[in-house]
Amino acid sequence: MALPNINPTTTQSWKKLTVHFEATKDISLQKYFAENPNRFDEFSIQWEDFLVDYSKNRVSKETLNLLEELANEVGLKEAMNAYFEGETINQTEGRAVLHTALRVPEETQIYLDGLDVVPEIRAVNAKIKTFCNQVISGEHKGYTGKSISHVVNIGIGGSDLGPAMVTEALEFYKNHLNVQFVSNVEGDHVREVIKTLDPETTLFVIVSKTFTTQETLSNASTIRQWFLTHAPEEAIAKHFVAVSTNEEKIAAFGIHPDNVFPMKDWVGGRFSLWSAVGLSIALAVGPDHFNALLHGAHKMDEHFKITPFQENIPIVLSLLSVWYNNFWKAESEAVIPYTQYLRNLPAYLQQGIMESNGKGVDRKGEKVNYQTGTIIWGGSGTNAQHAFFQHIHQGTKLIPADFIGFKTSLYGEQEHQNKLMANFIAQTEALMRGKTLEEATEELNSKGVSAEEIKRLALFKVFEGNKPTNTLLIEKLSPESIGKLIAMYEQKIFVQGVLWNIFSYDQWGVELGKQLANKVLEDISGEAIAGHDGSTTALLKHLKN
Ligand code: F6P
């Protein structure tokens with residue numbers, strides 16, 4: 001069974017939504033709130049330790065009903081079944097999409113081509129646990145008999161962003177290991193990391209699903225060469241481990257089979273932190289916290305699977321996002337976590353969301369005639385307030401935003417927490433409420449500003465308001481809640497791909513640049529420069545002169 005194949009714009013609900021949009025687009029959020037004292041109750045979801053308030057969105061119950069109708073018409077339920085049952089929903093690569101299997105409880109059975117995939121997942125998980133415990137306890141020794149103090153994850157894209165973001169997010173839960181990440185092919189980046197390392201006490205984790213990625217293999221080779229200037233060849237076995245699907249290539253690189261943590265091709269790179277790709281996370285926080293992360297993600301999967309659409313967090317967030325993207329023509333979405341621990345969540349989501357849904361061909365193989373993938377950006381609050389919030393408040397673009405906050409701080413600095421939460425809540429209120437010309441005038445007046453000055457300044461101080469936001473208020477930042485949060489966005493990606501009738505799990509769009517880079521590299525390293533346009537030829541000449 002493949003995914004349904006329905007152009008959303010041909011559905012009845014899409015047509016109704018178009019009419020509904022025209023009829024309701026001038027209703028302000030202020031009006032929605034004024035007219036309905038129960039708006040928060042009707043437009044929020046409380047699930048476990050998550051409170052999702054989506055009442056500050058430009059929607060009515062009718063909007064949501066129509067969006068739900070759209071989800072039904074494009075076959076969302078059917079698509080969800082195909083996804084969770086391991087059908088080949090990544091049709092252009094001929095693969096199932098089963099990262100959700102990586103976090104199921106032990107007793108679960110998930111069949112792919114007649115084989116239960118769970119026992120192998122458990123076996124890899126057990127290997128991760130044993131290895132991490134040995135490294136963390138100091139039992140695993142380096143080539144001179146010293147324990148490991150530093151870990152370097154060598155990978156890029158999904159083999160870097162997920163592990164790096166989660167390791168940073170779980171800093172509070174970290175052990176003594178110093179975990180760093182090398183991703184870019186830039187030699188200076190590698191050298192800056194190497195500079196801080198002692199070969200006797202460092203463990204290198206080479207992570208590459210394909211084990212063919214130029215950046216990762218170059219960085220791994222450079223680091224290996226550097227390592228061998230200090231240590232004998234046999235020491236490699238104690239200091240290099242690899243995560244990949246490509247066992248042949250790992251062997252060719254000289255990694256001992258015992259040091260290989262395998263993964264499956266049905267795990268997409270940007271959804272892989274739950275697999276052995278998460279080894280650096282497990283090393284950083286220990287296997288118990290890593291398992292709690294998986295457990296949290298599984299809980300979100302279950303919520304997603306069984307909850308009616310309008311109480312279903314990832315589905316509601318997806319529907320709202322499609323509403324803004326396709327009817328309001330919003331150009332981007334912001335994600336603003338009010339915690340420094342999640343400062344790299346927007347960067348992580350950029351790969352997850354934009355590599356998945358930045359597609360222009362539908363599941364029929366035809367060019368789409370509507371907008372797909374959202375552009376994601378953001379930064380941590382309150383820093384972001386002093387950077388780009390001006391644009392959200394008073395710019396000309398509509399930028400729906402997710403505000404993510406945690407009720408409890410980890411160190412109990414309550415005064416700080418109160419200020420952080422005050423900003424967190426005040427911003428969504430300000431974005432919704434705005435400030436009228438009368439209010440701005442009155443404010444200036446009360447400060448004793450002259451009438452002439454008020455006339456000159458008042459308009460600059462007006463806030464239109466009416467800016468949509470979702471507020472996600474989570475009890476506490478923990479491995480489990482972070483697992484839930486990431487899985488929530490993963491499922492949002494899936495739903496949006498279904499609504500837009502595109503394939504979310506391939507990434508052909510990154511191939512052309514890779515191919516051309518190989519050709520350009522030949523021209524940089526060789527004598528002749530051939531076969532390029534005028535600009536590229538001139539740039540190459542300039543580089544080589
Ligand atoms: O950027 C393209 C991509 O294939 C990503 O999808 C992937 O996460 C990244 O490259 C790294 O790939 P690999 O893990 O195979 O080295």
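Start at 1 and go down the list; that is how both ligands and their atoms are numbered. Only heavy atoms go into these numbers, but all of them, side chains included; no hydrogens, no water, no symmetry mates.
When only non-hydrogen protein atoms are considered, atom 15 (O) of ligand 1 lies nearest to Thr210 OG1, 2.6 Å. Looking only at protein heavy atoms, the nearest one to atom 1 (O) of ligand 1 is Glu355 OE2, 3.3 Å. For atom 4 (O) of ligand 1, the closest non-hydrogen atom of the protein is Lys514 NZ, 4.1 Å. In this structure, the protein non-hydrogen atom closest to atom 2 (C) of ligand 1 is Val510 CG2, 3.5 Å.
Look at Glu200 and Lys141 and you find no salt bridge, because none of the NZ, NE, NH1 or NH2 atoms lies under 4.0 Å from a carboxylate O.
Taking 4.0 Å as the cut-off, Gln351 counts as a neighbour of ligand 1 on heavy-atom distance.
If you number the atoms of ligand 1 from 1 as listed, the ones under 4.0 Å from a heavy atom of Thr213 come out as 12 (O), 13 (P), 15 (O), 16 (O). Heavy-atom proximity to Ile156, at under 4.0 Å, picks out these atoms of ligand 1: 9 (C), 11 (C). Within ligand 1, the atoms closer than 4.0 Å to a non-hydrogen atom of Gly158 are 7 (C), 8 (O), numbered from 1 in the order shown. Taking a cut-off of under 4.0 Å to the non-hydrogen atoms of Gly157, the atoms of ligand 1 that pass are 8 (O).
Residues that satisfy the side chain to side chain contact (heavy atoms under 4.5 Å, CB included) test with Asp533, not counting sequence neighbours, are Ser535, Thr536.
In this structure, atom 10 (O) of ligand 1 has its sub-4.0 angstrom surroundings free of protein heavy atoms.
An N or O contact shorter than 3.5 Å is missing between Thr216 and ligand 1 by distance. Below 3.5 Å of separation, one finds no N or O of Val207 facing any N or O of ligand 1.
Taking 4.5 Å as the limit, every side-chain heavy atom of Val316 sits out of range of all side-chain heavy atoms of Val52.
Lys359 forms no cation-pi arrangement with Phe503, by the criterion of a distance under 6.0 Å to the ring centre and an angle within 45° of the ring axis. With Trp47 as the aromatic partner, Lys484 meets the cation-pi criteria of under 6.0 angstrom to the ring centre and within 45 degrees of the ring axis. The cationic group of Arg95 does not satisfy the cation-pi geometry with Trp266, failing either the under 6.0 Å distance to the six-membered ring centre or the 45° limit from the ring axis.
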Practice task
Could you walk me through whether Glu120 and Lys264 pass salt bridge (charged side-chain N to carboxylate O under 4.0 Å, His left out), step by step?
Solution key: CA-CA 10 Å; Glu120 208 177 325; Lys264 292 292 185 184; 3.0 Å; yes
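With His239 as reference, Tyr143 is the one residue of Tyr143, Trp226, Phe204 to meet the ring-ring contact (aromatic ring centres under 6.0 Å, His included) rule.
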